[in-house]
Q: 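Sending over a structure as structure tokens; questions will come in a sec.
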Amino acid sequence: MNAVVVGAQWGDEGKGKVVDRYAARAQWVVRYQGGNNAGHTLVVNGEKTILHLIPSGILNPEVRCAIGNGLVVDLDVLTREMDALAGRGLDLSDRLLISPAAHLILPHHRALDRARERKDAIGTTGRGIGPAYEDKVSRRGVRVGDLFNPDRLGARIRARLPEVEAQLGFLGESDPGLDADAIIESCLAHAERLRPHVADVGEALWQAQKTGERILFEGAQGVLLDIDHGTYPYVTSSNTVSGQASSGTGVGPNAVGRVVGILKAYCTRVGSGPFPSELRAEEAERLRQAGGEFGATTGRPRRCGWLDLVALRYAVRVAGIQQIVVTKLDVLGGFGDLPVCTAYEVDGRRIDNYPEDPDVLERAVPVLENRPGFPRFEGARSLDDLPAEARSYVEGIAQVLEVDLALVSVGPGRGEDLELMDPFA
Ligand code: GDP
Ligand code: IMO
Ligand code: MG
């Protein structure tokens with residue numbers, strides 16, 4: 001069957017590494033939402049690759065990759081990423097498809113994103129994600145397919161700019177320096193390069209499935225950043241949950257298959273918003289250094305905290321997670337006892353369920369239970385190789401969440417993990 005990889009926390013759970021691993025057993029890897037706010041890190045033979053738009057299956061030479069209709073695409077970032085991969089000898093010619101219905105992120109989207117952040121920060125990546133999705137939903141967007149209809153593309157951009165300029169003026173950017181001709185020209189400059197890659201992604205996946213090929217759907221961000229189900233308004237502007245794998249690619253929900261949730265053995269978040277199990281500065285710094293917790297897209301230090309089982313139980317529900325992958329278990333080696341958050345206390349009352357109301361979540365104090373710590377370890381390839389407490393730490397997570405433990409990741413490099421279950425089986 002097919003499978004979808006979804007982040008179960010606030011992003012950066014290690015989805016890229018896991019997708020790269022599972023891609024070896026798939027014929028297709030397809031992204032279904034987000035844009036270059038994502039930063040997915042792959043370490044293969046010691047070489048690090050950070051992908052922002054191209055699916056994390058691309059380093060497997062037999063795999064075909066697709067950018068679904070649910071994405072917002074910055075053409076400069078996409079073509080730079082394509083160039084970098086081609087420069088390393090990867091032939092993308094018939095290995096990368098881009099949906100004509102994916103929307104473009106244009107310079108005015110980035111300008112709006114940044115101007116809003118200057119006024120009222122929620123800590124976005126500043127890549128124009130929110131404004132590009134706003135234009136999509138308000139039917140003012142420009143899509144990849146418009147690159148091949150210059151009149152329509154030009155008309156849509158020209159129609160939109162005056163309104164954006166007025167908005168920017170309101171935000172204190174009276175001279176944003178946006179030039180419709182330059183924006184149009186820059187879009188069209190990418191058109192011929194991209195033309196061979198633009199194709200109906202849903203149809204390609206449908207046909208692939210009919211011939212027994214396997215599809216891996218790659219989520220970006222995480223469930224708690226979902227526009228509907230996350231910590232609104234401190235969220236990203238797309239649905240990040242596994243349900244989006246269907247509408248973001250053009251195949252039905254029955255094609256999505258098994259849902260695999262990726263979670264870190266602890267928890268991080270970039271940007272503002274509630275984070276009940278967040279650690280105070282010194283302890284957070286220790287975890288940040290041990291785990292290298294700096295954003296793969298913006299380089300910002302990630303906020304760090306203990307594992308939050310309340311939030312994870314919620315993620316299991318909204319994303320329908322059946323199997324979990326626990327990453328970065330190695331990072332916790334040598335930390336001493338490991339607190340995990342098993343409930344919240346809100347206004348003196350204990351709650352076991354994740355509150356939908358962000359104000360309640362903001363006031364939530366974590367109820368922490370200590371799990372026995374474990375020493376540093378290296379080279380584990382099976383659960384038996386792990387220190388006993390490390391094994392019970394990960395097995396305990398799966399037990400509380402009532403899901404299967406599919407994989408435990410114990411290092412950033414390809415192959416540094418132990419597999420317990422095949423998600424495609
Ligand atoms: P993604 O956005 O979910 O793909 O995750 P990121 O790539 O933004 O962040 C995950 C970081 O952790 C990257 O630097 C990975 O190389 C690294 N990483 C992934 N899995 C492991 C692991 O099991 N152990 C360690 N030490 N690092 C890992
Ligand atoms: P990956 O795919 C972690 C966060 C931003 C901000 C909020 C909104 O690498 O896990 P946006 O630019 O999307 O409008 O920002 O979402 N954010 C991420 N945090 N990992 C990501 O992606 C993220 N993409 C967006 O920090 O808080
Ligand atoms: Mg990331």
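The figures here come from the full heavy-atom set of this structure, side chains too, leaving out hydrogens, waters and symmetry mates. Atoms within a ligand are numbered from 1 in the order they appear, just like the ligands themselves.
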Q: Nearest 0.5 Å, what's the CG-OG distance between Asp226 and Ser238?
A: 7.0 Å
Q: If you measure from each non-hydrogen atom of Asp12 to ligand 1, which part falls under 4.0 Å: side chain, backbone, both or neither?
A: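 Within the 4.0 Å criterion, Asp12 contacts ligand 1 through backbone and side-chain atoms alike.
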Q: Nearest to atom 4 (C) of ligand 2 by heavy atom, Thr297, Leu225, Thr236: which?
A: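 That would be Leu225.
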Q: To which protein heavy atom is atom 15 (C) of ligand 1 closest, and what is the distance rounded to 0.1 Å?
A: Thr41 CB, 3.9 Å
Q: Is the closest heavy-atom distance from Gly7 to ligand 1 below 4.0 Å?
A: no
Q: If you count the atoms of ligand 2 from 1 in the order shown, which ones are under 4.0 Å from a heavy atom of Gly123?
A: 5 (C), 6 (C), 26 (O), 27 (O)
Q: At under 4.0 Å between heavy atoms, is it the side chain or the backbone of Val331 that contacts ligand 1, or both, or neither?
A: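 Contact part for Val331 vs ligand 1: side chain (C-beta onward).
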Q: Check the surroundings of atom CG in Asp179: do more than 12 heavy atoms from other residues, nucleotides or ligands lie under 6.0 Å from it?
A: yes
Q: Has the side chain of Ser277 got a donor or acceptor atom that lies under 3.5 Å from a matching backbone atom of Leu307?
A: no
Q: Do side-chain atoms of Tyr133 reach the backbone of Gly34 as a donor and acceptor pair under 3.5 angstrom?
A: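 Present.
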Q: Kindly confirm or rule out an N or O of Gly16 lying under 3.5 angstrom from an N or O of ligand 1.
A: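 In this structure, Gly16 places an N or O atom under 3.5 Å from an N or O of ligand 1.
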Q: Can you list the ligand 2 atoms lying under 4.0 Å from a non-hydrogen atom of Ala220?
A: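 Taking each heavy atom of Ala220 in turn, ligand 2 has 2 (O) under 4.0 Å.
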Q: So does Glu378 pair up with Arg376, basic N to acidic O under 4.0 Å?
A: no
Q: Heavy-atom contacts with Ala38 under 4.0 Å: which atoms of ligand 2 show up? List them by number with element.
A: 1 (P), 2 (O), 9 (O), 22 (O)
Q: Report the part of Arg302 (side chain from C-beta onward, or backbone N, CA, C, O) that has a heavy atom under 4.0 Å from ligand 1; answer both or neither where that applies.
A: side chain
Q: Evaluate Gly39 for polar contact with ligand 1, using N/O atom pairs at a separation under 3.5 Å.
A: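 Checking ligand 1 against Gly39, an N or O pair does fall under 3.5 Å apart.
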Q: Is the contact between Arg300 and ligand 2 made by the side chain, the backbone, both, or neither, using heavy atoms and a 4.0 Å cut-off?
A: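 Arg300 to ligand 2: side-chain contact only, backbone stays beyond 4.0 Å.
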Q: Taking atom CD of Gln399 as the centre, does the number of heavy atoms from other residues, nucleotides or ligands within less than 6.0 Å exceed 12?
A: no
Q: Is the contact between Ala296 and ligand 1 made by the side chain, the backbone, both, or neither, using heavy atoms and a 4.0 Å cut-off?
A: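 Ala296 to ligand 1: side-chain contact only, backbone stays beyond 4.0 Å.
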Q: Taking atom CZ of Arg88 as the centre, report whether more than 12 heavy atoms of other residues, nucleotides or ligands fall under 6.0 Å from it.
A: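 Counting other residues, nucleotides and ligands, CZ of Arg88 exceeds 12 neighbours.
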Q: Would you find more than 12 non-hydrogen atoms of other residues, nucleotides or ligands less than 6.0 Å from Asp357 atom CG?
A: yes
Q: Quick one: do Ser56 and Glu218 satisfy side-chain hydrogen bond (donor to acceptor under 3.5 Å, both in side chains)? Show the steps, please.
A: CA-CA 8 Å; Ser56 301; Glu218 176 181 7; 2.6 Å; yes
Q: At what distance is the nearest protein heavy atom to atom 7 (C) of ligand 2, and which residue and atom is it?
A: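 Among all protein heavy atoms, the one nearest atom 7 (C) of ligand 2 is Val235 O, 3.9 Å.
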Q: For ligand 2, which atoms, with element, lie under 4.0 Å from some heavy atom of Gly271?
A: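 Heavy-atom distances to Gly271 below 4.0 Å select 27 (O).
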Q: Less than 3.5 Å between some nitrogen or oxygen of Glu13 and one of ligand 1, yes or no?
A: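 Yes - when backbone and side-chain N and O of Glu13 are compared with those of ligand 1, one distance drops under 3.5 Å.
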Q: Specify side chain, backbone, both or neither for Arg269, according to which of its non-hydrogen atoms lie closer than 4.0 Å to ligand 2.
A: neither
Q: Counting both backbone and side chain atoms, is some N or O of Gly39 under 3.5 Å from an N or O of ligand 2?
A: yes
Q: Below 2.8 Å, which protein N, O or S atoms neighbour the Mg ion (ligand 3), ignoring water?
A: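 Atoms qualifying: Asp12 OD1, Gly39 O.
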Q: Run the numbers for me: atoms of ligand 1, each under 4.0 Å from some heavy atom of Lys17, listed by number.
A: 20 (N)
Q: Any chance you could measure Leu104, atom CG, to Arg143, atom CZ, to the nearest 0.5 Å?
A: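 Atom-to-atom, Leu104:CG and Arg143:CZ are 10.0 Å apart.
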Q: Pull out every atom of ligand 2 sitting under 4.0 Å from any heavy atom of Asn37, numbered as shown with elements.
A: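 Once the distances to Asn37 are compared, the set is 12 (O), 13 (O), 22 (O), 23 (C), 24 (N), 25 (C).
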Q: Would a 4.5 Å heavy-atom cut-off, applied to side chains only, mark Asp228 and Asn239 as touching?
A: yes
Q: Is the contact between Tyr234 and ligand 2 made by the side chain, the backbone, both, or neither, using heavy atoms and a 4.0 Å cut-off?
A: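 Looking at Tyr234 and ligand 2, no heavy atom falls under 4.0 Å.
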Q: Under 3.5 Å between any N/O of Gly14 and any N/O of ligand 1: does that happen in this structure?
A: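 Yes; the residue has a nitrogen or oxygen that sits under 3.5 Å from a nitrogen or oxygen of the ligand.
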Q: Should the proximity of Lys15 to ligand 1, defined as any heavy atom under 4.0 Å, be assigned to the side chain, the backbone, both, or neither?
A: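 For Lys15, backbone and side-chain atoms both sit under 4.0 Å from ligand 1.
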Q: Pull out every atom of ligand 2 sitting under 4.0 Å from any heavy atom of Trp10, numbered as shown with elements.
A: 3 (C), 19 (N)
Q: Are there more than 12 heavy atoms of other residues, nucleotides or ligands under 6.0 Å from atom CG of Asn45?
A: no
Q: Just to check, does Gln221 reach to within less than 4.0 Å of ligand 2 when the distance is taken from its heavy atoms?
A: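 Right, Gln221 reaches ligand 2.
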Q: Would you call Arg114-Glu173 a salt bridge at under 4.0 Å N-O?
A: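 Salt bridge flag = no for Glu173 with Arg114.
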Q: Is there a side-chain contact between Val410 and Arg381 (heavy atoms, below 4.5 Å)?
A: yes
Q: Quick one: which ligand 2 atoms are inside 4.0 Å of a heavy atom on Lys15?
A: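 Every atom of ligand 2 under 4.0 Å from some heavy atom of Lys15: 1 (P), 2 (O), 10 (O).
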Q: Select one of side chain, backbone, both or neither to describe which atoms of Asp113 lie under 4.0 Å from any atom of ligand 2, heavy atoms only.
A: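 For Asp113, no heavy atom sits under 4.0 Å from ligand 2.
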Q: Salt-bridged, Asp12 to Arg302, with N to O below 4.0 Å?
A: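 Looking at Arg302 together with Asp12, the answer is yes, because their closest N to O distance falls below 4.0 Å.
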Q: Of all the non-hydrogen atoms in the protein, which one sits nearest to atom 12 (O) of ligand 2, and at what distance?
A: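 Sorting protein heavy atoms by distance from atom 12 (O) of ligand 2 puts Thr125 OG1, 2.6 Å first.
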